[in-house]
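Just so we're on the same page: letters track the sequence lines, and every chain starts at 1.
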Amino acid sequence: MPALADALVPWFRAHARDLPWRRPGYGAWGTLVSEFMLQQTPVARVIPHLEAWLARWPTPAALAADPPAEAVRQWANLGYPRRALWLHRAAVEIRDRHAGVVPRDVDALLALTGIGDYTARAVAVFAYGDRHPVVDTNTRRVIARVVDGRAQPGTPHRRDLAAMAALLPEDVADAAAMNAATMELGQVICTARAPRCDECPLRDTCAWLAAGRPETEDTRRRQARYEGSDRQARGAVLRQLRDGDPAPALQDAVIAEWPDRAQRDRAILSLLSDGLIEADGETLRLPR
DNA sequence: GACACGTGGTC
DNA sequence: TGACCAAGTGT
């Protein structure tokens, strides 16, 4: 095994958290749903939503048989509700193009709605045990520090994929463990703020620690302010249609108290454009 | 490649 | 308190 995997894989096997999707036989559908929910969303918030989702829709075909509105409602306040819509579309595609079986091939996975480079590889590796590099935000930070000696990623995604490929052990099971181990290290030890280097299994080989944990020029974009944003307005519109009266809402009655009229209309238009809501005459509702 | 996209927790 | 952060994707 490459040197880093020699230290990291045993650490992972000893310390891995007991997460639902790591249970034996969790299944490719469970893995796929978990990966959709985990996109930009912390583990602790995902777990209860995931279990409720899989209890209601234990297969892609079960989800595909219900209207997208039900997926958006079940998604509740998890955030980025487009993911609920995309997950529903992916379930329909899996039913129609893959006989209801989550595909194993990375390119077939990439062709599904809402699945990008990370999720496709994550499903192939964690659900099916295949050997590919899996690179998420945690992996990028770990590589930046341990390999490149930088505080923050800064490098192109493409290069991190190659870097991770070079770190994978030959053995398929070890390679999958290495992918998970790198992500886990980034989540619990090599965190974005206040990394716990004294507990790190890679503390003797980490380039960043050896260099005295230098600050790196921060190339990250600042997250836009949420308060007063279009995103907040979209969230308010969708929340009303999702959680409000069962009857469809008249367009003028949707978030009627919203202070910025133009912003409210913009939010409705963009939700219509995304397919997250539909117009039915004078009324607005979730998509059927 | 930059940007838009939710929501809630943390320091 | 407010800015940062969180298993990304599509345009």
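- Between the P atom of B/dG8 and the OH atom of A/Tyr80 lies a distance of 14 Å, rounded to the nearest Å.
- Residue A/Gln232 contributes atom CD, which lies 15 Å from atom C1' of B/dA4 at whole-angstrom precision.
- Here A/Trp29 and A/Trp57 keep their ring centres 6.0 angstrom or further from each other.
- Comparing C/dT1 with B/dT7, their P atoms sit 22 Å apart, to the nearest whole Å.
- With hydrogens and angles ignored, a donor-acceptor pair closer than 3.5 Å exists between the side chain of A/Arg45 and the base of B/dT7.
- The residue among A/Ala192 and A/Trp86 whose nearest nucleotide of DNA chain C is located toward the 5' end is A/Ala192.
- Between the CG atom of A/Asp117 and the P atom of C/dT9 there is a distance of 7 Å, rounded to whole Å.
- Side-chain contact check for A/Trp53 and A/Gln74: no donor-acceptor pair (N or O, by modelled atom type) lies under 3.5 Å.
- When the P atom is compared between C/dG2 and B/dG6, the two are found 23 Å apart, to the nearest whole Å.
- In this model, the phosphate group of B/dT7 is approached by a side-chain N or O of A/Tyr226 to a distance below 4.0 Å at OP1 or OP2.
- In this structure, the CE atom of A/Met37 is 15 Å from the P atom of B/dG8, given to the nearest Å.
- Within the 4.0 angstrom heavy-atom criterion, base atoms lie near A/Leu78.
- For A/Gln40 and C/dC5, the shortest distance from a side-chain N or O to OP1 or OP2 is not below 4.0 Å.
- Heavy atoms of A/Asp274 sit nowhere under 4.0 angstrom from any nucleic acid atom.
- When the P atom is used for both C/dA7 and B/dG1, the distance is 22 Å, rounded to whole Å.
- Remark: A/Arg222 is in phosphate contact with C/dC4, judged by side-chain N or O atoms under 4.0 Å from OP1 or OP2.
- Proximity note for A/Arg234 (side chain, C-beta onward) versus B/dC5, B/dT7, B/dG9: the nearest is B/dC5.
- Closest contact between the side chain of A/Arg239 and the listed nucleotides C/dA7, B/dC5, B/dG8 involves B/dG8.
- Between A/Thr283 and A/Gln251, the side chains place no donor N or O within less than 3.5 Å of an acceptor N or O (distance only, hydrogens not considered).
- Between C/dA3 and A/Arg225, a contact under 4.0 Å exists linking OP1 or OP2 to a side-chain N or O.
- Here A/Pro156 lies out of heavy-atom contact (under 4.0 Å) with every strand.
- Between the side chain of A/Thr113 and the base of C/dG10, no donor-acceptor pair of N or O atoms lies under 3.5 Å.
- Between A/Arg82 atom CZ and C/dT11 atom C1' the separation is 9 Å, expressed in whole Å.
- Applying the 4.0 Å criterion to OP1 and OP2 of B/dG6, one finds that A/Asn77 has every side-chain N and O outside that range.
- Atom NE2 of A/His49 and atom C1' of C/dA7 are 16 Å apart (whole Å).
- Regarding contacts with the backbone of C/dC5, every side-chain N or O of A/Thr137 stays at 4.0 angstrom or more from both OP1 and OP2.
- Residue-level contact check: A/Arg242 touches the backbone only, with heavy atoms under 4.0 Å from sugar-phosphate atoms and none from bases.
- Contact annotation: side chain of A/Gln223 to base of C/dA3, donor-acceptor pair absent below 3.5 Å.
- Salt bridge status for A/Arg234 with A/Asp274: present, with a side-chain N to carboxylate O gap under 4.0 Å.
- Donor-acceptor pairing under 3.5 Å is lacking for the side chains of A/Arg83 and A/Gln39.
- Of the listed nucleotides (C/dA7, C/dA6, B/dG6), C/dA7 has the atom at the smallest distance from the side chain of A/Arg17.
- Once rounded to the nearest 0.5 Å, the distance linking OG1 of A/Thr41 with NE2 of A/His49 reads 9.0 Å.
- Across all non-hydrogen atoms, the minimal contact from A/Arg145 to A/Arg150 is CG-O, 3.1 Å.
- In this model, the phosphate group of C/dA6 is approached by a side-chain N or O of A/Arg141 to a distance below 4.0 Å at OP1 or OP2.
- Nucleic acid contact for A/Ala122: none, since no nucleic acid atom lies under 4.0 Å from a heavy atom of the residue.
- If you check C/dC5, C/dA7, B/dC5 against the side chain of A/Arg231, the one that comes closest is B/dC5.
- Note that CG of A/Leu168 is 7.0 Å distant from CE of A/Met178, once rounded to the nearest 0.5 Å.
- Using a 4.0 Å heavy-atom distance criterion, A/Gly116 is classed as a sugar-phosphate-only contact.
- Among the atoms of the strands shown, none is found under 4.0 Å from any heavy atom of A/Ser270.
- A/Leu161 has its CG atom 15 Å from the P atom of C/dG8, to the nearest Å.
- In this structure, A/Trp75 places its CH2 atom 11 Å from C1' of B/dG6, rounding to the nearest Å.
- Nearest nucleotide to the side chain of A/Asp136, out of B/dT7, C/dA7, B/dC5: C/dA7.
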